[in-house]
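Below is one structure, written out as structure tokens; comments come after it.
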Number of protein chains: 2
Amino acid sequence: MAADSPGIAFLLSQLGAHAATQFGARVEELGLTPPLVGVLRMISVRPGLSQQQLAGELGLLPSKVVAFVDDLERRGLVTRTRGTRDRRVQHLALTAEGTELLGEALEVAARHEDAFCLALTPEERAQLQALLEHLARSHELTPGAHGHRRMR
Amino acid sequence: MAADSPGIAFLLSQLGAHAATQFGARVEELGLTPPLVGVLRMISVRPGLSQQQLAGELGLLPSKVVAFVDDLERRGLVTRTRGTRDRRVQHLALTAEGTELLGEALEVAARHEDAFCLALTPEERAQLQALLEHLARSHELTPGAHGHRRMR
DNA sequence: TATTGTTATACTCTATAACTATA
DNA sequence: TATAGTTATAGAGTATAACAATA
């Protein structure tokens, strides 16, 4: 049974794709993409981290990190600083503009969240949030990263 | 607020991506991909439909449908039949093997569903299903198609 | 010799548009 | 002229591996 009516797994992947697409459209107005927002957020939370650490935390390829940071640096949103102890590493930090833009992106995210859940009552919303967190924990999904994890 | 703790939209896109990836890995053993399962299912539900209709229902590009059907036909899972009234259209149908394989894929989907929701009690599972259906309806997502919808 | 970041390349995926055969 | 299906091509995105600087 449970084969013809959608099922939770299918609904999740359908709703999740929809949520991601919609969020992407919303942050596009800031010149950002969902992964770039994740990068900014991670640098904000752990300023001074290296590109390797960033790649590890977010499950990104190092070469992809280079491209992202190139972009963000060119736009004056993040800075690269060579390590003094180990001159191979690049320490990342947000500029004032980067912090400002991340703030706007987080506001967009909050408005996106509200708009997406508009059909739910506050009680349903809290219920759904709890169930999803439960499910995410059971699959050992970390709150930070997503979508970028490579496999095989 | 609601910016630092994940939020429903983010959890959905994270869990949804995870569910889709896992399902993809599971049907890979049958030589299928999630979109191919969707194609088989649609042909099963509406046998004799044309490639254009299939593209319309699933939100696929016509050229993509050609590639999919080429693949499935070569493997003896579906048949193409020229229309008699209008000889431009190709009517699609499942072979016995196609029906058989779709059945196996749906079993895999059911087992995937159970495994994915293992951490939930039957009550939580029913609750979550209802909430997700509610949310999906509010976003006017059709039960059939997903992930393939093109935009802009 | 190993590691950080970088560059170059190859590979897949997708979308667009040209083409044919029918209408 | 318009449409169904097909083919060819170009573009984006992603992964792999070669490379330079430093350890």
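Letters A, B, ... are given to chains in the order of the sequence lines, protein chains preceding strands, and every chain is numbered from 1.
- Listed nucleotides: dG5(D), dT16(C), dT16(D). Nearest to the side chain of Gln51(B): dG5(D).
- The phosphate of dA15(D) (OP1 or OP2) has no side-chain N or O of Lys64(A) nearer than 4.0 angstrom.
- Residue contacts shown for Ser50(B) are limited to sugar-phosphate atoms, with no base heavy atom under 4.0 Å away.
- The distance between atom CG of Leu54(A) and atom C1' of dG5(C), rounded to the nearest whole Å, is 13 Å.
- Per the geometry, CD belonging to Gln52(A) stands 15 Å off P belonging to dA23(D), to the nearest Å.
- If you chain together hydrophobic residues whose side chains sit under 4.5 Å apart, Val66(B) and Val78(B) never meet in one group.
- Checked by distance alone, Ser63(B) brings no side-chain donor or acceptor within 3.5 Å of a matching partner on the base of dT14(C).
- Here Arg88(A) pairs with Asp86(A) under the salt bridge (Lys or Arg N to Asp or Glu O under 4.0 Å) rule; sequence neighbours left out.
- Between the CG atom of Asp71(A) and the P atom of dT6(C) there is a distance of 14 Å, given to the nearest Å.
- Leu60(A) places its CG atom 16 Å from the P atom of dT4(C), with the value rounded to the nearest Å.
- Rounded to whole Å, atom P of dA4(D) lies 13 Å from atom CG of Leu49(B).
- Val89(B) and Leu49(B) fall into different hydrophobic clusters, where Ile, Leu, Val, Met, Phe, Trp and Tyr residues are linked whenever their side-chain heavy atoms come under 4.5 Å apart, directly or through other members.
- Ser50(B) and Gln52(B) form no side-chain donor-acceptor contact under 3.5 Å, judged by distance and modelled atom types alone.
- We find that CG of Asp70(B) is positioned 6 Å from P of dT7(D), with the value rounded to whole Å.
- Here the P atom of nucleotide dG5(C) and the CG atom of Leu92(A) are 8 Å apart, to the nearest Å.
- Counting to the nearest Å, the P atom of dT6(C) and the CZ atom of Phe68(A) are 14 Å from each other.
- DNA chain D lies under 4.0 Å from at least one heavy atom of each of the following residues of residues 78-90 of chain B: Arg80(B), Arg88(B), Val89(B), Gln90(B).
- Taking the six-membered ring where tryptophan is involved, the planes of His18(B) and His139(A) are perpendicular, since the angle between them exceeds 60° and thus also 30°.
- Donor-acceptor pairing under 3.5 Å is lacking for the side chains of Glu57(B) and Gln53(B).
- Listed by first and then second residue, the salt bridge (Lys or Arg N to Asp or Glu O under 4.0 Å) pairs involving residues 14-24 of chain A amount to none (not counting sequence neighbours).
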